[in-house]
Structures are given as structure tokens and as C-alpha cells.
Amino acid sequence: MPHLSSPEKRYILESMSGGVGFIDCDNDGKLDIISVNGSSVDRYRKGGDPMITLYHQEADLKFKDITTQAGLTRKGWGMGVAVADFDNDGWQDIYVTGYGGNALYRNLGNCKFEDVTDKAGLRVGGFSTGTSWADFDRDGFVDLFVPRYVFVDINKLPEFGSNDKTCRFRGVQVQCGPWGLPGESDFLFRNRGDGTFEDVSKKAGVDDPNHYFGMQGVWADYDNDGWPDLYVANDAGPNYLYHNRHDGTFEEMGLISGAALSGDGQEQGSMGADFGDIDHDGKLDIFVTNFTEEPDTLYRNLGTQGFADISWNAGIAQSTYPYVGWGTAFFDMDNDGWDDIFVANGHVYPQMDQVKGGVPYRQPLQLLRNKRDKTFQDVTALSGLDKLPLQSRRGAAFGDVNNDGKVDVLLMNVGEPPTLLLNRTESSNHAVLFKLVGSKSNKAAIGARVTVTAGDLTQFREVRAGASYLSQNDLRLHFGLGAQTSMNAVEVAWPSGIKERYSDLPGDTIYTIVEGTGVTEKTPLSGQSVAASASPSVAKKAASIK
């Protein structure tokens, strides 16, 4: 099913959707696909559209639309998606954001869902965007952060073609906003553990009284104190970095830490965000995608000294400067043990195609390879991604869809069906996947950290629910092991505070680890391809997503 959108993008509502996501809705070990649908002003006024489509993975990488039989029927205007197990019953649940109302779907088992939005108290109004889950108070139940964008009255939309300066770009008439439109507050909902949530936004200090234009929230333990912190990418304003005080409240550290603005102190139009350790120094760095003529930003984590914008020195700013960046992630494309960067681009204004010498509405993907010295090389052409049709893209989700040990990419194309890119990198490198199951911690182990030592390389990742732009990655943790066939040591730091250690685990395996029990399942990775070349290659495969 194509993403729903109007071709002219006369209103800001029509430019921001949507996300994509991976979920294993029936616990069969294979990733299923969520695609957020969007809408248009006319369609929304008539009741809207189903907010998401769910594709179940059948045999041989074929995907079947099971949305209706799954019970995912709420209509509206979809924006983003995040997956977690909010009631700790062992089945992955779905939260969908949108304009005018969000939806919480409880998984009843085997991809059958119940709409519990109103019962749970999560029927949020306004213009919600990149939601994310985390157990911020470490009580064993995941909580929900919902950023919101701008206030828009569907019955009193800013007139397209207005001479107002907020409705023009590069001398061309375009949709109005976000400049000139009022922003909206953000929400943090604490999970009571009984199927309902309470609004603790103001009490926790994350309600955004400045009403910045919230785009994507991402949870991560950036200071290694064992508690999840929150980064919020804001469009056309400073970004937030909320430090968890361990008492149910947060301290906003964005400006003082250096993670709110560009290195030269400029506010940027931030869209997507992710955390990863690019240099194996044990500290999580931040990557943020931005608007055109604002390079995407890489903030290096300096520990007590805060964050430093190293985008230009890292070789990232030069290639990302012209484009409008959205979905993104740190991921190891070639299993060498070092995080690379993927960026999905696309303008918000179709009218840019009329501007001579300007960047077009449909834009290329970008793949940046980690050179292991805090710099990156643009390998888009080497990977074959430059051969894909240009699109205006939004969300991007990352996961091993065929369980072969290589991270694949799912893309949202505005007004078109989603694209699934299968990672065909030829390499003799090895990999491992970890599926974590909490017991004292939340069941999906959101916030758990796995540290892997293989040979002389130590790396770590955290289970994250909601990131990129409006999207959900594979909840399993993927590690490239390079030439190492086994891991010397594996440490799992659970959100409960418990730490468990394992030694001499073989690679090329999917491990299920249950908190307090240990390894309960081992599945060999499928389709391990071994070749002398280690150059990245990504092949497009439609995978019957229609």
C-alpha cells in the first residue's frame, strides 16, 4: 500500500509523515513490517485513513498485508510508530502517533491487536511525532514520551500562496510553517503497570514550556550511570538533552552540554536522531539529521566536558549540507565492528523543482562509512544506493529482516510504497544478534545494554524503542565481529541493575537471553556469504511490499 499524501504539499501537515518499523508480532523469530500511512486534508476531514499497515513476513521474504485481520483499524493521520511490550505479557505492542489523535494497540498474541488507546489514557491530541519508550524510573514497566510539533487547525489552515515570509522559500510560494506557527508541548506518560498511564510531563520537567517544534525523541544512557536519558530533536530550534536525575525528574542539559546547537551556535532544523559509539571510547555519541543548507550533525561525547560538534572534521557536513535529512541510524553495514551512518533524504517542498540550481524535492540516500579515526567516507556510490530512484523519503528502520547477520533498511517514500533494502555486502566478517527478554526488567528489555568483546575490540549497544525519524528498529541487538568467530566476553546490563556475564560464545548466531535464566535459545544465522571483497553493497528488493 502506498503512503498517502497529496502531491502539492500545500500544508505542513502533508509534508512530515511518516515512519516505518520492524516488529515480530507473532514471536516466530522473523521481522514483520509496519508502515505508517499518512493522509491528506480532504481525506482527513472525511474521517482519515487507517494509521498503519502491518505486513507479516511469510516464507521466502514475502510479506502479506494483515492489517484488517490484525485489528489495526483506527483511522486518522499517521505520523510515527514505536514498539514495546507495555504490559509485559511477552507480545510486542504498537504505539502510533499522528495528527489529531494517537493509537495504542495491545498485542493479544499472534498478531491480533486490541485498540486500548482510550482505556490506557493515551488518546493524545494535537500533532504528535517521533514517540519513544523507556523505563525512566526503572520500575519494570516502560513509559512513553510523545513529542509534538506545531499547532494546526484543520479547519483554519494557513493559506497556500500567502505573501507572508513564512510561506515562501528561495523566492517560491510554499506551504506555511513551521516558522510563524505556534508550537505544542510534549508529553511523558508513566506506566502505572495496570494497563493505564499517567501524565507526568510537567512533574518530570520534560513538557517543553517553550513549545519548540518537537520531531523525534530518543532514549539512551549517555553518561553511563545506568539510567535512561532523553534527547529530543526539535525543528528550527535548540534540541533538548534531558539528564535523568533518578528521582522521576530530568534536568535539561542541551545548551550547557553542547548538544543543542551546531558548533557555531546556530539553531538547526533537526528531524531524526540516533545514539552510537563511533570510536569505541565507551561513550554514546549523537547523530542528528537537519534541514537543507544545515549539515547533519555528529556530536562526539566528551564525557564530563559535554558534546562537541565534529561534523566538518568528520567529513559528514560536506556531503549532507545540501539535503533535507530524516531517517537515520548508526549501524554496522559490513560487520567490521565499527558504526557507519545511513541517511534518508527528501525535501518538504515539491516546488523546489522549479528553482533553477536548487536541490530537488526527490533526493538521494547517503551511506557514510566509518574510517575508524573519527572520520567518515561517503560510500553511497560504492554501495549501489545511488542507482535507486530518487524519492522524497522520511522514516528509515534498521533490522536483520532475513536473519543472515546483516542489517537491512526499510524506507518510507512519501506518496509511494515503502522500500526494503537487503544488505548484500560481500564480506568474510562475522556477526551476532541478541534477543533480550526481561523478567525483573521490562519484558522487551528496553534500555538494556549489551557489551561485547571479540578479540581486541569492545563495543556496546542498547535496546531502543523509537528512534531514527518516526520509526522503530529491530529490538534485537546486532554486532559485527570482524574476523572474530567467537566472543571473549558478553555482558548484559539489565534496566533492573542486574549484570550478567558470558564467555566464549560463538558468533554467527542469534541468542535469546532471559534475565536471571541465561541463554535459552541459539539459532544459527542463515545465508552466511563469505567472499574476499569487503566493499559495501546494498541491493533493492521489493519483497512484495504492496
Side-chain angles (χ1 to χ4, degrees), residues 20-34 54-64 66 83 92 110-111 329 331-337 340 342 383-384 397-411 418-437 450 452 454 459 461 463 472-487 490 502 504-514 519-545:
V20 284
F22 288 118
I23 183 174
D24 183 358
C25 62
D26 54 1
N27 289 340
D28 66 352
K30 295 183 294 186
L31 294 180
D32 310 301
I33 284 174
I34 299 169
L54 176 62
Y55 301 95
H56 181 260
Q57 184 176 168
E58 311 282 309
D60 302 320
L61 279 178
K62 302 296 183 185
F63 291 84
K64 179 182 178 183
I66 62 167
V83 171
Q92 294 176 10
N110 295 315
C111 307
F331 80 118
D332 186 354
M333 68 173 170
D334 52 4
N335 288 336
D336 66 351
D340 311 296
F342 186 102
S383 72
F398 300 78
D400 186 355
V401 78
N402 52 357
N403 291 336
D404 67 349
K406 298 170 186 173
V407 178
D408 310 300
V409 186
L410 178 65
L411 297 167
T419 299
L420 178 61
L421 301 178
L422 291 182
N423 189 336
R424 296 301 194 196
T425 303
E426 294 183 345
S427 171
S428 58
N429 291 332
H430 301 272
V432 66
L433 286 169
F434 293 99
K435 176 184 177 181
L436 302 183
V437 181
V450 173
V452 168
Q459 51 186 312
R461 297 189 185 281
V463 182
Q472 174 64 53
N473 299 329
D474 188 349
L475 286 173
R476 301 173 303 179
L477 297 180
H478 166 272
F479 293 86
L481 302 178
Q484 303 297 317
T485 58
S486 66
M487 295 163 282
V490 174
Y502 305 87
D504 301 321
L505 292 181
D508 301 323
T509 303
I510 303 172
Y511 290 95
T512 299
I513 299 180
V514 177
V519 176
T520 60
E521 190 175 343
K522 295 183 285 187
T523 306
L525 292 173
S526 63
Q528 283 293 309
S529 61
V530 178
S533 169
S535 60
S537 174
V538 182
K540 181 185 180 185
K541 187 176 179 73
S544 299
I545 306 175

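Along the sequence shown, residues carry numbers from 1.
To the nearest 0.5 Å, the span separating NZ on K435 from CD1 on I510 amounts to 10.0 Å. The distance from the SG atom of C111 to the NZ atom of K64 is 11.0 Å, given to the nearest 0.5 Å. Interatomic distance, F342 CZ to S383 OG, rounded to the nearest 0.5 Å: 8.0 Å. For the atom pair CG of N402 and OG of S526, the computed distance is 6.0 Å after rounding to the nearest 0.5 Å. Distance CG/N27 to CG/N110: 8.0 Å, rounded to 0.5 Å. Distance check, rounded to the nearest 0.5 Å: CG of N423 to CZ of F331 gives 6.5 Å.
Applying side chain to side chain contact (heavy atoms under 4.5 Å, CB included) to N335 and the options L481, N429, T425 leaves one that passes, N429. Of the candidates D24, L436, N403, T512, N403 is the only one forming a side chain to side chain contact (heavy atoms under 4.5 Å, CB included) with R476.
The aromatic rings of Y511 and F434 sit parallel to each other, their planes meeting at less than 30°, with 60° as the upper class boundary.
With T523 contributing its side chain and T509 its backbone, the two residues share no donor-acceptor pair below 3.5 Å.
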Margin query: Does F63 form a side chain to side chain contact (heavy atoms under 4.5 Å, CB included) with D32? I'd like the steps, not just the answer.
Written below: CA-CA 8 Å; F63 291 84; D32 310 301; 5.6 Å; no
Margin query: Test side chain to side chain contact (heavy atoms under 4.5 Å, CB included) on H478 and D332; report intermediate values, then the result.
Written below: CA-CA 8 Å; H478 166 272; D332 186 354; 4.2 Å; yes
Check: For D474 and F398, what are the C-alpha separation, side-chain angles and deciding distance, and is it a side chain to side chain contact (heavy atoms under 4.5 Å, CB included)?
Finding: CA-CA 6 Å; D474 188 349; F398 300 78; over 6 Å; no
Checklist line | Steps toward side chain to side chain contact (heavy atoms under 4.5 Å, CB included) verdict (D408, L422) | finding: CA-CA 5 Å; D408 310 300; L422 291 182; 3.9 Å; yes
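Between A431 and G405 the shortest heavy-atom distance is CB-O, 3.4 Å. What you find for E58 and K30 is that their closest heavy atoms are O-NZ, 3.5 Å.
Side-chain contact between F22 and I33 is present, with at least one heavy-atom pair separated by less than 4.5 Å. Contact annotation: the side chain of I34 approaches that of V83 to within less than 4.5 Å [non-hydrogen atoms, C-beta and beyond]. Residues Q459 and F479 are in side-chain contact: their nearest non-hydrogen atoms beyond the backbone lie under 4.5 Å apart. Residues L433 and L477 have side chains not in contact (no heavy-atom distance under 4.5 Å, counting atoms from C-beta outward). You'll find the side chain of D404 stays beyond 4.5 Å of the side chain of L525, heavy atoms only. L31 has its side chain out of reach of I23: every pair of non-hydrogen atoms, C-beta onward, lies at least 4.5 Å apart. Put simply, the side chain of S486 does not reach to within 4.5 Å of the side chain of L505, judged on heavy atoms. With contacts defined as side-chain heavy-atom distances shorter than 4.5 Å, the pair C25/L54 qualifies.
Checking H56 against D26 by side-chain atom types alone, a donor-acceptor pair falls below 3.5 Å.
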